[in-house]
Amino acid sequence: MQEEVYNRFIQARNRNDLNELKRLYEENKNELLIKLEYGKLLAKQKKYNEALAILGSLLNTSKKAQALMSLGKLETRVGNYDSAREYFKGILEIREDTFAMYELGKLELKVGNTQKAREYFEEILMIENDPYAIKELARVELKEGNINRARHLFLTSLSMKHDSFIYFELGKIEMKAGNYDLSREYFEKVLNEKKDIYTIFELGRLEARTKNYSLARVYFEEVMREKYTPYVELELGKLEVACGNYEKARNHFKSLLKTKDKKYALLELGKLEISLNNYEQAREYFEEILKNEKNIFAMLELGKLEVELGNVYTARNIFVDILREKEDILALFQLGKLESSSENYEKAKMYFKRIIDVDNKDCLSRFELAKIEIKEQNYDEARKYLEDILVVKPNDVYAMFELGKLESHRGNYERAKEIYLKILEIKEDGSTLHELGKVEYQLGNKEEAKKYFERRLELEFSIHTIENLCYLELKNENYEKAF
C-alpha cells in the first residue's frame, strides 16, 4: 500500500469516517486491509447487508480469519447466533485463537448456555491468565447463582486490570447480598470516573431498598432528565407506593400502558389496587395481562388475590397451572402456605421440600417446615430446620425466636435465655422481651422477669405482658400494684 493511501486510511479509520473509507475502497479494491476496515465500519454503522457482502468477499483471502471475526460479531449483533457461532468456530479451524474463544463464550452466555460458556473461558485461562476471561467467567457464575464465586472472580479480574464495569457488577452483587454500604461504595467508584445513568439507576434502587426514598427519587429523576426510560418510570411508581402516594404511583404506572412495558405497569397497578382493597379492579389488571400471554407473575398475583378473598380452590388451580409451565419456587411456596393453612400438612411439607430440592439454601421454606413440625410436635425435626436456617443466615431473628420458644417449651430455659439475649443484641423486640421475662420467671429470677416485662411495656402495649406482671405482683403479695 502506498504511503499516501496508508496515511489516508489510518486517519479515516481513526475518525470512523465511512465516506472516506468508501472512497479509498473504490480507489483500491485490491487492498484487503482497506476492504476489511470498510466492512467493519459498515457493520458498526448498522449497514448490515453491505457489510456482509464486503466481509464475505474476504473469506477466500489471507484476511479470512479477521473477516470471520467481524462476520461473527455482526451476526451476534443482529441476533443470528447460529451463524455467528459458525463464523467464530471457523477461526478455530484455522488456528488456536483466544479472541474467537472469548466471543464464543460471550455468545453462549447470551443465549443461556452457561456450561458451554464456562468451557470457553476456562480454555482461554489454560492458555493465558486473561482478566477479561476471568470477568466473563464471573458473569457465568452470577448467572448460575454462585454469588461468592462470582464476587471472588470479579475481584481477581479487578486486581489485574482496572475496570469500572466490575465495580458496577460488584455493587449489584453486594446490594443483592444486603451489604448496602459496600454496594453504595462500589457504585460511587463508578461515578467518580464517569457519569453513568445505569449506575445512578442502581443507586436509586439501593436507596429505595434502604428506605431513603427522597434520595432514591433524586437519583431516578436524574436518570429521567438524561434519558427517558420506562424502567425508571416503573421504579418511580413503586417508590410512590412505598411512600403512600398512591395517586402519583397510579399515574406513573398508567403512563406506561401505551408502551412495550405495558404488562409490567399492569402488574404493578394490580398490586397497588390489592393494597387499597380494590380487589375486582386488581383482578381486571391481572386478567388483561393473561389475555395476551401466560405470564407467571400475573398468575402468581392472581392466585394470591384469590387466597385473600378465600377462594382457595381457584387459587390452588392457578398455582398448579403455573407448575405445569415450570417448577416455580414462588408457586410452590404459595401452595405450601395454602395447604398448611388448610391443615393439609403432608402436602404442605411436600411443596416446601420441593423448593429446598431446587434451592438448598432456601430459608423461608425451612421456616415454614419448622412451624409445621412444631404444630405436629415433631420438635427435633423443627429444631433441625431452624438450625439449618441459622447456618445460612446467622442473624435471622425469626428463626432464633422460634428456636428460643422451642427450647423454652422443652424446659431448656438457659438455652432459650441465651438465644433471646442474642436477638436483643440485634434488635429491641417486644415479643422477645416478653418471652425472656417468662424464661427468667421459670429460672426463678423474678426481679429479672419483671424488668423484661416492664421493658416490653415501655416499647409497646401488650395485654399478655400486663397479665404476667400482675401475676408476678400477686405472687409477691403486692396487691395494690397488681390491681
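- Other residues, nucleotides and ligands contribute more than 12 heavy atoms inside 6.0 Å of the CD atom of Glu128.
- In terms of heavy-atom proximity, Gly72 sits nearest to Ala84 at O-CB, 3.3 Å.
- Taking every heavy atom of both residues into account, Ala117 and Leu109 meet most closely at CB-N, 3.7 Å.
- Ionic pairing of Asp362 and Arg366 is not present here: no N-O contact between side-chain nitrogen and carboxylate oxygen is shorter than 4.0 angstrom.
- Taking the charged nitrogens against the carboxylate oxygens, Glu387 and Lys384 have no contact shorter than 4.0 Å, which rules out a salt bridge.
- Between Met175 and Arg209, the shortest heavy-atom distance links the atoms O-NH1, 3.3 Å.
- Surrounding OH of Tyr398 are at most 12 heavy atoms belonging to other residues, nucleotides or ligands under 6.0 Å away.
- No more than 12 heavy atoms of other residues, nucleotides or ligands sit less than 6.0 Å from atom CD of Glu4.
- By the 6.0 Å contact criterion, OH on Tyr213 is enclosed, its count of non-hydrogen atoms from other residues, nucleotides or ligands being greater than 12.
- Around NZ of Lys73, the count of heavy atoms belonging to other residues, nucleotides or ligands within 6.0 Å does not exceed 12.
- Put simply, CE on Met69 and OH on Tyr102 are 11.0 Å apart, with the number rounded to the nearest 0.5 Å.
- Side-chain contact, Glu306 with Thr314: no donor N or O sits under 3.5 Å from an acceptor N or O.
- In Asn49, the CG atom is not crowded: 12 or fewer heavy atoms of neighbouring residues, nucleotides or ligands sit closer than 6.0 Å.
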Practice problem: Start with the C-alpha distance between Arg15 and Glu20, add both sets of side-chain angles, then the distance that settles salt bridge (charged side-chain N to carboxylate O under 4.0 Å, His left out), and finish with yes or no. | Solution: CA-CA 10 Å; Arg15 292 196 310 268; Glu20 177 65 1; 5.6 Å; no

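- In the model, Glu103 has no side-chain atom that pairs as donor or acceptor with a side-chain atom of Thr76 under 3.5 Å.
- Scanning all heavy atoms of the two residues, the minimum distance from Met400 to Pro394 falls at SD-O, 3.8 Å.
- Aromatic pair Tyr186/Phe168: ring centres not closer than 6.0 Å.
- Counting only distance, with no hydrogens or angles, the side chain of Asp261 and the backbone of Tyr264 share no donor-acceptor pair below 3.5 Å.
- When ring centroids are compared, Phe352 and Phe333 come within the 6.0 Å threshold.
- In this structure, Ala150 and Ala138 approach most closely via the heavy-atom pair CB-O, 3.5 Å.
- Of the charged side-chain nitrogens involved, at least one lies within less than 4.0 Å of a carboxylate oxygen, so that Lys337 and Glu368 count as a salt-bridged pair.
- No donor-acceptor pair closer than 3.5 Å links the side chain of Asn344 to the backbone N or O of Lys347.
- Not a single donor-acceptor pair under 3.5 Å links the side chain of Ser70 to the backbone N or O of Ala67.
- Between the side chain of Asn278 and the backbone N or O of Gln281 there is no donor-acceptor pair closer than 3.5 Å.
- The pair Glu339-Lys349 does not meet the salt-bridge criterion, since no charged nitrogen lies less than 4.0 angstrom from a carboxylate oxygen.
- Counting heavy atoms of neighbouring residues, nucleotides and ligands inside a 6.0 Å radius, atom OH of Tyr132 does not exceed 12 of them.
- Around the OH atom of Tyr228, the shell of radius 6.0 Å holds more than 12 heavy atoms that belong to other residues, nucleotides or ligands.
- Ring geometry, Phe220 versus Phe201: the interplanar angle falls from 30° to 60°, so the pair is classed tilted.
- Remark: side-chain polar atoms of Asp396 are paired, donor with acceptor, to backbone N or O of Ala399 under 3.5 angstrom.
- By the 4.0 Å N-to-carboxylate-O rule, Arg184 lies too far from Glu174 to be salt-bridged with it.
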